[in-house]
J.: 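Sharing a structure with you now.
Because only heavy atoms are used, hydrogens play no part in the values below, and waters and symmetry mates are left out as well, while side chains stay in. By convention here, the first residue in the shown sequence is residue 1.
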Amino acid sequence: MLPAYLLIGYDVLWEAIGGIGRGQIFDENFLMGIASIGAFAVGEATEGVAVMLFYQVGELFQSIAVGKSRKSISDLLDILPETATVLRDGEAMTLSPEEVEVDDILLVRPGERIPLDGRIIEGASSLDTASLTGESLPRDVKAGDEVFSGSINLQGVLKLRCTKPFSESTAAKIMELVENSQMHKAKTERFITRFAKYYTPIVVLSALLLATVPPLFLGVTSTAVWSHWIHTALVFLIVSCPCALVISVPMAFFGGIGGASRHGILIKGANHLEMMASVDTVVFDKTGTLTKGSFSVTEIHPVSGTKESLLQLAALAEYHSSHPLALSVKKANTRPLDPEKITELEEVAGGGIRAVIDGSTVLVGNASLLHSHGVSADLRGMSAGTCIHLAANGVYLGHILLSDTPKEDAAGTITALNAQKIRTVLLTGDRNEVAKPLADALGIAELHAELLPQDKVSHFETVQQRASGAVAFVGDGINDAPVLARADVGIAMGALGSDAAIEASDIVLMDDKPSAVLKAISLAKKTMTIVRQNIVLALGVKIAIMLLDLAVAASLFSIPSAAMTWVAVFGDVGVAVIAILNSLRVMRT
């Protein structure tokens, strides 16, 4: 049996010797080496080979399982193109992405990945952004749009101007984020590591005492008695190997992080995944998080004349403005505009526009602007939203209402969180009359409006003090960086390409969908359930077999020693394989 044993287990023995040389004596290689060599010493060579054989089978299953759990993360390596086509002096050059400079013109053909972040200067196409956001539908782009590295060009030829060096590109940052996630271990992982550190020496000492104390205590010198108790100790060693714990628990977290990455959810570490599972309160920012962040005209209320003429006048006065509200007004207007009619134009900061159009002095802005020119704005019956008032030659003409519409899945997300007994809170800088209708429509339990950035932090801390579990904050990752950093779990929403989001948050959602928060909570809870199952399974089975081994040794049960060896092998290798396969279930979330 010795040649077979050495062929099967030489690497385990070598690792055990290496561990002793490094001062890391008590590991699974040491336990398996001592147990199998001990079997040879008491004349059970077949059992010694069997122990090593099935341990190696378990290691094989482990490597297969690890490969599967790594696959979703290793697939991210594909988002990093090896080359980039750069146009210099009219010629196309193939360079490494690291060699491309900011403002270089990149040529991206159909089927190629975009190598660096940039802005399209020529062409139109559809992009596959699934590897970045998890979104299966293509994204249509045209000249002027910003695109991110790692996206696949599906149709037309694109020319784009590079806006970031390779080290700061979206694809490079995603890779760095995922690779660094393994450095941040969960409390459970750290506990298992510490547990194994003390558990293994205690087990070895217990096995040594089990092999020597009973024969000495009984005063027996018979070889058969010594062999009996040594065999009992060897079974104890085999079953006590902690590999099921030290492998399956980190693998569950690793699988959870990998599974999340496939859905465009980047988790910076297992500690944040563990914390996410205990969240009982989710605090949301409003603009860009629960709403689209782009205003649209929802109501037009003229005092005289038609709605179309009032909207046309407002669009003409705002013709040269780049303010988001002005852009929304101009987008809503369908009538032709003649900018030659504008003879004077003054943009009042924080107020609006004063323009002379066809000889008439036109005011377009908030109520304060009109009041400063002696015009009273009619505020009766006004709906919630952002209001633009109009006046001409001191006469009030009416108002236009603009609203920031909720995202399609915002209401469903809040409803699902409420159903799970997770409290929802809205913190926003918007006026209360704008934020309250939104909070009521979505079903948000608590609202704090008209907050400055520093006010958001203090209100968030108040919410945090009242919560019984962890509190997550979901924001856009730029304006909300202080609160993201303060939260138990900071979640950056729609953070594609955002430096502030990646730096300040714990979890980055690569698309703009609030429902991704639900996915993250669901995956975190499933991961922690699997972790607890593995711990109970591994420790429960091992303790049961250890007690059975002692009972057999004390002749309370009559089980052949060879059979106990197989039971011990199952308690080690079998339980490890079951726990590892259980860990892989998190990948199917």
Side-chain angles (χ1 to χ4, degrees), residues 62 65-76 134 173-197 242-280 282 469-474 484-485 487-492 495 501-510 516-539 576 579-589:
Q62 173 195 328
V66 169
K68 287 185 177 181
S69 67
R70 284 179 175 271
K71 188 177 187 301
S72 61
I73 289 182
S74 63
D75 284 348
L76 285 174
K173 286 193 172 182
I174 290 175
M175 284 307 305
E176 180 182 1
L177 189 83
V178 173
E179 288 169 356
N180 290 340
S181 69
Q182 300 173 58
M183 299 170 57
H184 304 282
K185 291 188 175 183
K187 288 182 180 178
T188 307
E189 276 189 286
R190 294 196 295 269
F191 167 75
I192 293 299
T193 302
R194 291 196 301 270
F195 175 80
K197 180 179 178 181
C243 56
L245 281 176
V246 298
I247 294 171
S248 64
V249 170
M251 184 178 293
F253 284 109
F254 193 76
I257 293 172
S261 68
R262 291 190 303 165
H263 296 283
I265 303 171
L266 301 183
I267 303 174
K268 287 189 175 181
N271 53 334
H272 306 307
L273 186 66
E274 184 179 40
M275 185 68 72
M276 194 68 180
S278 63
V279 164
D280 73 348
V282 179
V471 181
F473 179 81
V474 189
L484 283 168
D488 296 322
V489 184
I491 305 174
I502 292 178
E503 291 298 325
S505 62
D506 305 313
I507 298 176
V508 180
L509 308 180
M510 300 305 287
V517 176
L518 283 173
K519 287 183 183 179
I521 292 175
S522 173
L523 189 139
K525 288 184 175 180
K526 182 170 183 178
T527 300
M528 292 310 301
T529 297
I530 289 174
V531 166
R532 286 190 285 269
Q533 288 173 350
N534 287 345
I535 292 173
V536 171
L537 173 69
L539 292 181
I580 288 167
L581 294 177
N582 189 41
S583 297
L584 289 180
R585 292 194 303 117
V586 76
M587 300 293 293
R588 295 196 297 271
T589 298

J.: Would you name the heavy atoms of Met276 and Val517 that are closest together and state the gap between them?
T.: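 Where Met276 meets Val517 most closely, the heavy atoms are CE-O, 4.2 Å.
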J.: Against Arg532, only a single residue in Ile530, Ile535, Thr529 fulfils side-chain contact (heavy atoms from CB on, under 4.5 Å); can you say which?
T.: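 When Ile530, Ile535, Thr529 are each tested with Arg532, the side-chain contact (heavy atoms from CB on, under 4.5 Å) holds only for Thr529.
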J.: Of the non-hydrogen atoms in Gly256 and Val586, which two are nearest, and what is the gap between them?
T.: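 Scanning both residues completely, I find the closest heavy atoms to be N-CG1, 3.5 Å.
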J.: First locate atom CD of Glu274, then atom OG1 of Thr527, and finally report the distance between them rounded to the nearest 0.5 Å.
T.: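 Nearest 0.5 Å value for the CD-OG1 distance: 10.5 Å.
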J.: Kindly give the heavy-atom pair with the smallest separation between Ala252 and Val531, and that separation in Å.
T.: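 For Ala252 and Val531, the tightest heavy-atom pair comes out as CB-CG2, 3.7 Å.
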J.: Got a second to check how far His263's NE2 is from Leu509's CG, nearest 0.5 Å?
T.: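 The distance works out to 12.5 Å.
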J.: Out of curiosity, Leu266 CG to His272 NE2, how far, rounded to the nearest 0.5 Å?
T.: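 With rounding to 0.5 Å, CG (Leu266) is 12.5 Å from NE2 (His272).
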J.: So which atom in Ile265 and which in Ala516 form the shortest heavy-atom distance, rounded to 0.1 Å?
T.: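 That would be CD1-O, 3.7 Å.
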J.: If you compare all heavy atoms of Ile491 against all heavy atoms of Ala472, which two are closest, and at what distance to 0.1 Å?
T.: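 Distance-wise, the nearest heavy atoms are CD1-CB, 4.1 Å.
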J.: Tell me, do Leu273 and Ile507 make a side-chain contact under 4.5 Å, heavy atoms counted?
T.: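 Answer no - side chains too far apart.
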J.: Kindly write out the residues that satisfy side chain to side chain contact (heavy atoms under 4.5 Å, CB included) with Ala277, not counting sequence neighbours, or none if the list is empty.
T.: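 If we apply the side chain to side chain contact (heavy atoms under 4.5 Å, CB included) test to Ala277, skipping adjacent residues, the hits are Ala524, Lys525, Met528.
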J.: Mind running side-chain contact (heavy atoms from CB on, under 4.5 Å) on Val279 and Asp488 for me, showing each step along the way?
T.: CA-CA 9 Å; Val279 164; Asp488 296 322; over 6 Å; no
J.: So, using side-chain hydrogen bond (donor to acceptor under 3.5 Å, both in side chains) as the criterion, who are the partners of Asn582 when residues are at least two apart?
T.: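 Asn582: side-chain hydrogen bond (donor to acceptor under 3.5 Å, both in side chains) contacts with Gln533, Asn534, Arg585.
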